[in-house]
Amino acid sequence: MSGRAPYGLVAVTCAVIMVVLGVLVSGEGVAGPDVLAVRWVERAFGPDTDLLRLLVLPTEAYVLIPVAVLAAVLCLFGGRRLEAALTIVGPLVAILANTWVLKPLFDRWKYSYLAYPSGHTVALVAVLTVLVLLARPGVATAVIATVGAVMLCGVTIGMIGLGYHYLTDVVGGALFAVATVCATWVLLTWAARRRAPVPSDG
């Protein structure tokens, strides 16, 4: 990974879309796409809660934490300390900011809990975004991105079907996760360059 501008642009774009979407669905109102998504999932999957729970499995902490830790360890063994820091800091910042800042700010409720952006989605997409950024450009990146997209589709269906979240909660969570991880990478690389010794002319 190199360069800051593309990641910064991605971070800003995703953050702006997430905020606009959050303003549109804030409070207890339900957006039109959310109603359509619920109806489709109910017709397509019915009450098969076992399948729906299986679909949301990738969002669980006991799945994501080992993946993130393994990625960090591999980065450290490869001498990629900055990438190792991103693997831990990126998802952690995304999860904490979402829980303590965004959810209370947008104040969107589903049953008795704040729902926008989806915390399950933030955790999953933050880790997936880190893996995409860590992968070598080319086939590896494409494979991780494709598998991640399929996984996110399954998670979306599962969370809607189980009544955990609305579709827009998932979209907002995905946008915020990408924005946070990209912004974290920009800040880490900037800080590393600031600390780098300046070559002597003498």
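Nothing here was measured: the structure is a model prediction, and the numbers come from that model. Hydrogens, waters and symmetry mates are skipped; everything else that's a heavy atom, side chains included, is used.
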**Q.** Closest non-hydrogen atom pair between Leu52 and Ile157, with its separation
**A.** CD2-O, 3.8 Å

Q: For residues Ala15 and Ala179, report the shortest heavy-atom separation together with the two atoms involved.
A: N-CB, 3.8 Å

Q: Check Pro104 against Thr99 and note the closest heavy-atom contact, atom names and distance.
A: CD-O, 3.5 Å

Q: Please answer: with hydrophobic residues joined when any side-chain heavy atoms are less than 4.5 Å apart, are Leu162 and Val171 in the same cluster?
A: yes

Q: May I ask you to decide if the ring planes of His165 and Tyr113 are parallel, tilted or perpendicular, using 30° and 60° as cut-offs?
A: perpendicular

Q.
Using side-chain contact (heavy atoms from CB on, under 4.5 Å), reason through Glu83 and Leu76 one step at a time and then give a plain yes or no.
A. CA-CA 8 Å; Glu83 286 86 348; Leu76 288 174; over 6 Å; no

Q) Of all heavy-atom pairs between Ile95 and Ala123, which one has the smallest distance, and what is that distance? A) CD1-CB, 3.9 Å

Q | Thr141/Arg136 under side-chain contact (heavy atoms from CB on, under 4.5 Å): CA gap, chis, key distance, verdict | A | CA-CA 6 Å; Thr141 301; Arg136 302 298 182 186; 5.8 Å; no

Q) At what distance, to the nearest 0.5 angstrom, does CG of Leu131 lie from CG of Leu70? A) 9.5 Å

Q | Option from Arg108, Lys110, Arg39 for which salt bridge (charged side-chain N to carboxylate O under 4.0 Å, His left out) with Asp34 holds | A | Arg108

Q | Verdict with reasoning, His120 to Val56, per side-chain contact (heavy atoms from CB on, under 4.5 Å) | A | CA-CA 8 Å; His120 287 83; Val56 301; 5.8 Å; no

Q.
Using a 3.5 Å distance criterion without hydrogens, assess whether the side chain of Thr13 forms a donor-acceptor pair with backbone atoms of Val10.
A. no

**Q.** Residue pair Thr121 / Ala174: nearest heavy atoms and the distance that separates them
**A.** CG2-N, 3.5 Å

Q | Shared hydrophobic cluster for Ile65 and Leu96 (ILVMFWY, side-chain gaps under 4.5 Å) | A | no

Q: Measure the spacing between SG of Cys182 and CG of Leu187 and express it to the nearest 0.5 Å.
A: 11.5 Å

Q: With sequence neighbours left out, write down each residue that passes ring pair (Phe, Tyr, Trp, His ring centres under 6.0 Å) with Phe106, or none if nothing qualifies.
A: Tyr116

Q: Answer yes if Tyr7 and Ile88 sit in the same cluster of Ile, Leu, Val, Met, Phe, Trp and Tyr residues linked by side chain heavy atoms under 4.5 Å apart, and no otherwise.
A: no

Q) Do the non-hydrogen side-chain atoms of Trp40 and Phe45 ever get within less than 4.5 Å of each other? A) yes

Q) Which distance, rounded to the nearest 0.5 Å, do you find between the OG1 of Thr129 and the CG of Leu86? A) 9.5 Å

Q) Between Leu134 and Thr87, is any pair of side-chain heavy atoms under 4.5 Å apart? A) yes

Q: Indicate the atoms forming the closest heavy-atom contact of Ala135 with Ile144, along with that distance.
A: CB-CD1, 3.7 Å

Q) Hey, does Thr156 have a side-chain heavy atom less than 4.5 Å from the side chain of Leu167? A) yes

Q.
Whether the side chain of Thr189 engages the backbone of Val186 through a donor-acceptor N/O pair (distance < 3.5 Å, no angle test) should be reported.
A. yes

Q. Can you hop from Val147 to Val155 via hydrophobic side chains spaced under 4.5 Å?
A. yes

(Q) Same cluster or not: Val170 versus Ile17, using hydrophobic residues (I, L, V, M, F, W, Y) connected whenever any side-chain heavy atoms lie under 4.5 Å apart? (A) yes

Q. From Leu188 CG over to Arg81 CZ, what is the distance, rounded to the nearest 0.5 angstrom?
A. 12.5 Å

(Q) Are Leu64 and Pro58 packed together at the side-chain level, in the sense that at least one heavy-atom pair is separated by less than 4.5 angstrom? (A) no

**Q.** Validation row: Phe176, Leu102 side chains within 4.5 angstrom (heavy atoms)
**A.** yes

Q: Can you measure from CG (Leu21) to CG (Leu175) and round to the nearest 0.5 angstrom?
A: 7.0 Å

Q: Given side-chain contact (heavy atoms from CB on, under 4.5 Å), test Trp109 with Asp107 step by step and report yes or no.
A: CA-CA 6 Å; Trp109 291 84; Asp107 194 37; 2.7 Å; yes

Q: Measure the OG1-CG distance between Thr49 and Leu54 for me, rounded to the nearest 0.5 Å.
A: 11.5 Å

